[in-house]
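It should be emphasised that the depicted structure is a prediction, and the values quoted were computed from it without experimental measurement.
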Amino acid sequence: MEEKSFTFVEKPDATDPGVYLHYLVSPGAQRASSVKDLVDKILSQLGPNDKIKTLRLIGHGSPGSISVGTSSFILTAPDNQDLQGRYIGRFNTREWVSELARLKGRFAQNSAIHLRSCNTGAGEHGAKLLHLIREAVDCGEVTAPTGVLTSFGAVGPLQRSKRGDKGPRIPISAGFTKKITWK
């Protein structure tokens, strides 16, 4: 049994220095055209007993969403058919939960998913998304920035959902950069 790490970077574009730089400094980074393609690529690289140690997704984000296979971010459900299946977000759980659930049982005990995108972990939407992802795949932890992601790192604290958490407890005053506490 081998524990493997995967990095997927949003479609790199030289006009988007943040994502482009992450692409350049992520050796072995792969691209996926959709959430389904992402899962297919991971499964094709795992042996029968292999486990996922780390999965890093680098892309564009907004509170409660990250793009996969497109070079844009959105705040609400996409009405463009070409964008369906290209986001993991609070607004389209039917599109991605069943795809990511194909990875359930393939994560190591102390595994982690790191979403590297602006604002994905922010507020109630971010906390709920991280919890949904962790439950869909049963990994050890999911993290995402609550603020802007720059070439030098994330501005603001990381939001976390760990195995054993029952779900987010959202304070009424939770804003885009406030860290959410867990039960």
Side-chain angles (χ1 to χ4, degrees), residues 1-11 19 22-23 25-46 50-70 73 85-147 149 153-154 156-168 179-180 182:
M1 178 181 80
E2 185 180 348
E3 291 187 0
K4 296 185 175 186
S5 294
F6 297 91
T7 299
F8 285 84
V9 178
E10 185 58 276
K11 179 180 177 182
V19 171
H22 283 292
Y23 179 74
V25 298
S26 300
Q30 303 175 61
R31 289 182 51 199
S33 61
S34 65
V35 178
K36 179 184 183 324
D37 186 41
L38 170 91
V39 173
D40 288 344
K41 285 181 176 178
I42 292 170
L43 290 174
S44 73
Q45 296 171 59
L46 290 174
D50 291 344
K51 298 287 184 183
I52 301 166
K53 180 174 179 56
T54 306
L55 172 57
R56 184 176 298 112
L57 302 180
I58 302 169
H60 292 288
S62 61
S65 72
I66 182 171
S67 60
V68 178
T70 182
F73 70 94
R86 294 183 178 192
Y87 290 90
I88 296 172
R90 66 190 188 281
F91 50 76
N92 67 339
T93 54
R94 289 185 182 147
E95 292 179 23
W96 61 264
V97 168
S98 61
E99 288 298 337
L100 286 186
R102 294 171 41 213
L103 297 173
K104 198 168 197 163
R106 301 308 305 261
F107 281 85
Q109 183 65 25
N110 294 318
S111 59
I113 297 175
H114 302 291
L115 307 179
R116 304 297 292 157
S117 53
C118 293
N119 305 307
T120 296
E124 180 179 358
H125 295 305
K128 285 182 178 180
L129 177 70
L130 272 55
H131 183 74
L132 286 169
I133 292 171
R134 189 183 47 73
E135 284 193 332
V137 301
D138 191 28
C139 66
E141 175 180 59
V142 180
T143 67
T146 59
L149 182 65
L158 284 179
Q159 182 67 265
R160 298 179 186 281
S161 175
K162 294 182 179 181
R163 183 178 279 130
D165 290 341
K166 300 210 184 327
K179 188 173 181 179
I180 306 301
W182 293 84

S.K.: Are the side chain of Arg90 and the backbone of Pro63 linked by a donor-acceptor contact shorter than 3.5 Å?
M.R.: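 Judged by distance alone, yes, a pair lies under 3.5 Å.
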
S.K.: Can you measure from CG (Leu43) to CD (Gln45) and round to the nearest 0.5 angstrom?
M.R.: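 Reported to 0.5 Å precision, the distance equals 9.5 Å.
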
S.K.: Please check: side-chain N/O of Ser34 versus main-chain N/O of Asp37, any donor-acceptor pairing under 3.5 Å?
M.R.: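 Pair found, side chain donor or acceptor close to backbone of Asp37.
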
S.K.: For a side-chain contact (heavy atoms from CB on, under 4.5 Å) with Leu129, tell me which candidate from Ile88, Thr93, Val142 qualifies.
M.R.: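 The residue from Ile88, Thr93, Val142 that satisfies side-chain contact (heavy atoms from CB on, under 4.5 Å) with Leu129 turns out to be Ile88.
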
S.K.: With no hydrogens and no angle check, is any side-chain donor or acceptor of Thr7 less than 3.5 Å from a backbone partner on Arg56?
M.R.: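 Side chain of Thr7 to backbone of Arg56, a donor-acceptor pair under 3.5 Å: no, none is there.
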
S.K.: Counting only N and O atoms by type, is there a donor-acceptor contact under 3.5 Å from the side chain of Lys51 to the main-chain atoms of Gly105?
M.R.: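 Yes, the answer is positive, given that a donor and an acceptor are paired below the 3.5 Å cut-off.
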
S.K.: Spell out, as yes or no, whether a donor-acceptor pair under 3.5 Å connects the side chain of Lys41 to the backbone of Phe8.
M.R.: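 Between the backbone of Phe8 and the side chain of Lys41 there is no qualifying donor-acceptor contact (under 3.5 Å).
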
S.K.: Test your reading of the model: is there a side-chain donor-acceptor pair from Ser67 to the backbone of His60, 3.5 Å cut-off?
M.R.: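 Looks like yes, one N/O pair under 3.5 Å.
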
S.K.: Minimum heavy-atom separation for Ala144 to Gly121, with atom names?
M.R.: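 Scanning both residues, the minimum pair turns out to be CB-N, 3.6 Å.
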
S.K.: Work out which heavy atom in Lys53 is nearest to a heavy atom in Ser5; give both atom names and the distance.
M.R.: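 Answer, listing the atom of Lys53 first, then Ser5: CB-OG, 4.1 Å.
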
S.K.: If I compare all heavy atoms of Val68 with all of Val35, which pair ends up nearest, and what's the gap?
M.R.: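 Here Val68 and Val35 meet closest at CG1-N, 4.1 Å.
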
S.K.: Nearest 0.5 Å, what's the CD1-CG distance between Ile52 and Leu103?
M.R.: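 Spacing of CD1 (Ile52) from CG (Leu103) equals 5.0 Å.
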
S.K.: Would you mind reporting whether Asp138 and Arg163 have side-chain heavy atoms less than 4.5 Å apart?
M.R.: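 Yes, at least one pair of side-chain atoms sits under 4.5 Å.
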
S.K.: Atom CG of Leu130 and atom NZ of Lys162: how far apart are they, to the nearest 0.5 Å?
M.R.: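 That separation rounds to 12.5 Å.
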
S.K.: Phe6 versus Gln30: any side-chain heavy-atom pair under 4.5 Å?
M.R.: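 Of all side-chain heavy-atom pairs linking Gln30 with Phe6, at least one is under 4.5 Å.
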
S.K.: Mind checking the SG-CD spacing from Cys139 to Gln109? Nearest 0.5 Å is all I need.
M.R.: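 Taking SG in Cys139 and CD in Gln109, the distance rounds to 11.0 Å.
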
S.K.: Which atom pair, heavy atoms only, marks the closest approach of Asn119 to Thr146?
M.R.: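 Scanning both residues, the minimum pair turns out to be OD1-O, 3.5 Å.
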
S.K.: Please determine if Asp50 and Arg106 form a salt bridge, counting it only when a charged side-chain N lies under 4.0 Å from a carboxylate O.
M.R.: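 Salt bridge flag = no for Arg106 with Asp50.
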
S.K.: Do the side chains of Lys4 and Leu46 get nearer than 4.5 Å, heavy atoms only?
M.R.: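 Yes. Closest side-chain heavy atoms under 4.5 Å.
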
S.K.: Under 4.0 Å between a Lys/Arg side-chain N and an Asp/Glu carboxylate O for Asp40 and Arg102?
M.R.: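 The answer is yes: the pair qualifies as a salt bridge.
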
S.K.: To the closest 0.5 Å, what do you measure between CD1 (Ile42) and CG (Leu55)?
M.R.: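 One gets 4.5 Å once the value is rounded to the nearest 0.5 Å.
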
S.K.: Consider only side-chain N and O atoms of His114 and Thr143, and report whether a donor and an acceptor are under 3.5 Å apart.
M.R.: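 Checked: His114/Thr143 side chains pair up, N/O donor to acceptor below 3.5 Å.
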
S.K.: If you take all heavy atoms of Gly59 and Ser117, which pair is closest and at what distance?
M.R.: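 Heavy atoms of Gly59 and Ser117 come nearest at O-CB, 3.1 Å.
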
S.K.: What distance separates Lys36 NZ from Glu95 CD, expressed to the nearest 0.5 Å?
M.R.: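 Between Lys36 NZ and Glu95 CD, I get 14.0 Å after rounding to 0.5 Å.
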
S.K.: Between Trp96 (side chain) and Gly89 (backbone), is there a donor-acceptor pair under 3.5 Å?
M.R.: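 Yes.
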
